[in-house]
Amino acid sequence: MVATDNVYKTPEEATFNLALYLKKRQKLCDTALDQAIPIVYPEKIYESMRYSLLAGGKRVRPILCLATCEMIGGTIEMAMPTACAVEMIHTMSLIHDDLPAMDNDDYRRGKLTNHKVYGDDVAILAGDGLLALAFEFVATQTPQTVDRARVLQVVARLGRALGAAGLVGGQVVDLESEGKSNISLETLNFIHKHKTAALLEACVVCGGILAGASSEDVQRLTRYAQNIGLAFQIIDDILDVTATQEQLGKTAGKDQRAKKVTYPSLWGLEESRLKAQELVKAACAELEPFKERAEPMVAIAHYITSRNH
Ligand code: GRG
């Protein structure tokens with residue numbers, strides 16, 4: 001049995017304790033993110049960046065990045081700068097998504113959205129600042145013991161996942177689809193493969209690359225991540241219908257009010273849940289060659305379908 005720290009099986013713990021694992025990893029990520037952005041002149045922009053970055057959040061993306069790196073045989077230290085970068089990128093995408101020109105939301109992570117506190121102008125710049133810092137952080141903070149060719153691959157993968165071939169492309173199709181009730185499953189899948197799954201895929205694959213994953217491993221990791229990425233979005237859509245604003249930390253029931261086509265609106269809640277579970281099963285099958293080392297990644301995949309916020 002491989003012990004990365006004592007949240008792994010101990011004699012007292014017969015089974016892997018996911019809640020404890022997530023709590024410890026969240027704390028590690030929160031500390032690293034806090035240290036990543038000191039407040040200097042001009043204070044307002046750093047405060048605005050920190051406001052959203054440190055507002056909570058499940059930290060699923062950085063935790064996946066660290067977990068993959070460890071599963072492939074790397075260390076937390078090797079992947080922490082990339083883990084911080086993916087959370088900075090995710091946060092910037094939320095700040096921009098919440099702007100009046102996009103989803104126009106007032107609450108995120110249980111707090112007022114960035115633009116509600118700092119204004120649209122500073123919120124746009126806070127997103128830009130986080131995006132730029134993410135790449136700087138990977139390039140300058142990844143330990144020198146990690147082969148620079150791997151770091152370069154990570155930078156390229158992240159860039160691709162975010163741009164028009166990834167998040168940006170997904171967001172554009174999402175905006176174009178607003179108010180249309182005849183959106184096909186193909187278009188819905190395109191939106192979420194790009195808006196949601198592309199970044200989750202980058203988190204997993206980059207964690208693997210930093211640890212020296214083989215090309216066969218990278219292919220398995222890619223399929224794992226694409227499956228959990230879609231499952232994540234299906235559950236996100238379900239929670240928009242079933243969870244409260246307090247649970248979500250953001251406005252609930254928004255999709256229905258905006259008459260948005262979602263997985264539950266196409267398939268119904270029960271069928272959507274089943275599809276998410278099938279995707280998680282397929283994701284976990286990809287991890288079989290990694291045996292017990294895959295335990296956290298398997299548990300995280302199941303957490304995605306069982307979460308209530
Ligand atoms: C990336 C350059 C660049 C621009 C951004 C605005 C935009 C382009 C894309 C929108 C992407 C977006 C908001 C996707 C939704 C993803 C999603 C399911 C978010 C919810 O993630 P959780 O539940 O949230 O992990 P927490 O708060 O826990 O981190």
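Sequence positions, counted from 1, serve as the residue numbers for this chain. For ligands, and for the atoms within them, numbers begin at 1 and follow the listed sequence.
The shell of residues lying under 4.0 angstrom from ligand 1, judged by heavy atoms, excludes V60. Taking 4.0 Å as the cut-off, R59 does not count as a neighbour of ligand 1 on heavy-atom distance. Under a 4.0 Å heavy-atom criterion, I89 is not in contact with ligand 1.
I39 is listed as a side-chain neighbour of E47, based on a closest heavy-atom distance under 4.5 Å. Looking only at side-chain heavy atoms (C-beta outward), I228 and L64 come within less than 4.5 Å of each other.
Pairs engaging residues 34-56 under the ring pair (Phe, Tyr, Trp, His ring centres under 6.0 Å) rule: Y51-Y118 [sequence neighbours left out].
Nearest to atom 17 (C) of ligand 1 by heavy atom, out of K58, M102, E87, R61, is R61.
Of the possible polar contacts, one joining the Q26 side chain to the K58 backbone as a donor-acceptor pair under 3.5 Å is found.
Ranking protein heavy atoms by distance to atom 6 (C) of ligand 1, first place goes to S93 O, 3.5 Å. Of the protein's heavy atoms, R109 NE, 2.8 Å lies nearest to atom 27 (O) of ligand 1. At the top of the distance list for atom 12 (C) of ligand 1, counting protein heavy atoms only, stands K195 CE, 3.7 Å. Looking from atom 1 (C) of ligand 1 to the surrounding protein, the closest heavy atom is M92 SD, 3.6 Å.
Considering all non-hydrogen atoms of both residues, G212 and I72 come closest at C-CG2, 4.3 Å.
Looking at ligand 1, you'll find an N or O of H90 within less than 3.5 Å of one of its N or O atoms. By the 3.5 Å distance cut-off applied to N or O atoms, T196 is not counted among the residues near ligand 1.
In the vicinity of Q233, heavy-atom distances shorter than 4.0 Å reach the ligand 1 atoms 18 (C). Ligand 1 places these atoms under 4.0 Å from at least one heavy atom of V168: 2 (C), 3 (C), 4 (C).
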Is there a side-chain contact (heavy atoms from CB on, under 4.5 Å) between N114 and D98? Walk through the geometry before answering. CA-CA 8 Å; N114 198 292; D98 290 335; over 6 Å; no
Start with the C-alpha gap between T251 and D105, add the side-chain angles, then the distance that decides, and say whether side-chain hydrogen bond (donor to acceptor under 3.5 Å, both in side chains) holds. CA-CA 7 Å; T251 320; D105 241 312; 2.8 Å; yes
Would you check, one step at a time, whether the test side-chain contact (heavy atoms from CB on, under 4.5 Å) holds for Y263 with K275? CA-CA 10 Å; Y263 290 105; K275 294 255 196 232; over 6 Å; no
If you apply the rule side-chain contact (heavy atoms from CB on, under 4.5 Å), what do you find for L200 with V60, and how did you get there? CA-CA 9 Å; L200 287 162; V60 167; 4.3 Å; yes
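For Q171, every heavy-atom contact with ligand 1 shorter than 4.0 Å involves the side chain, none the backbone.
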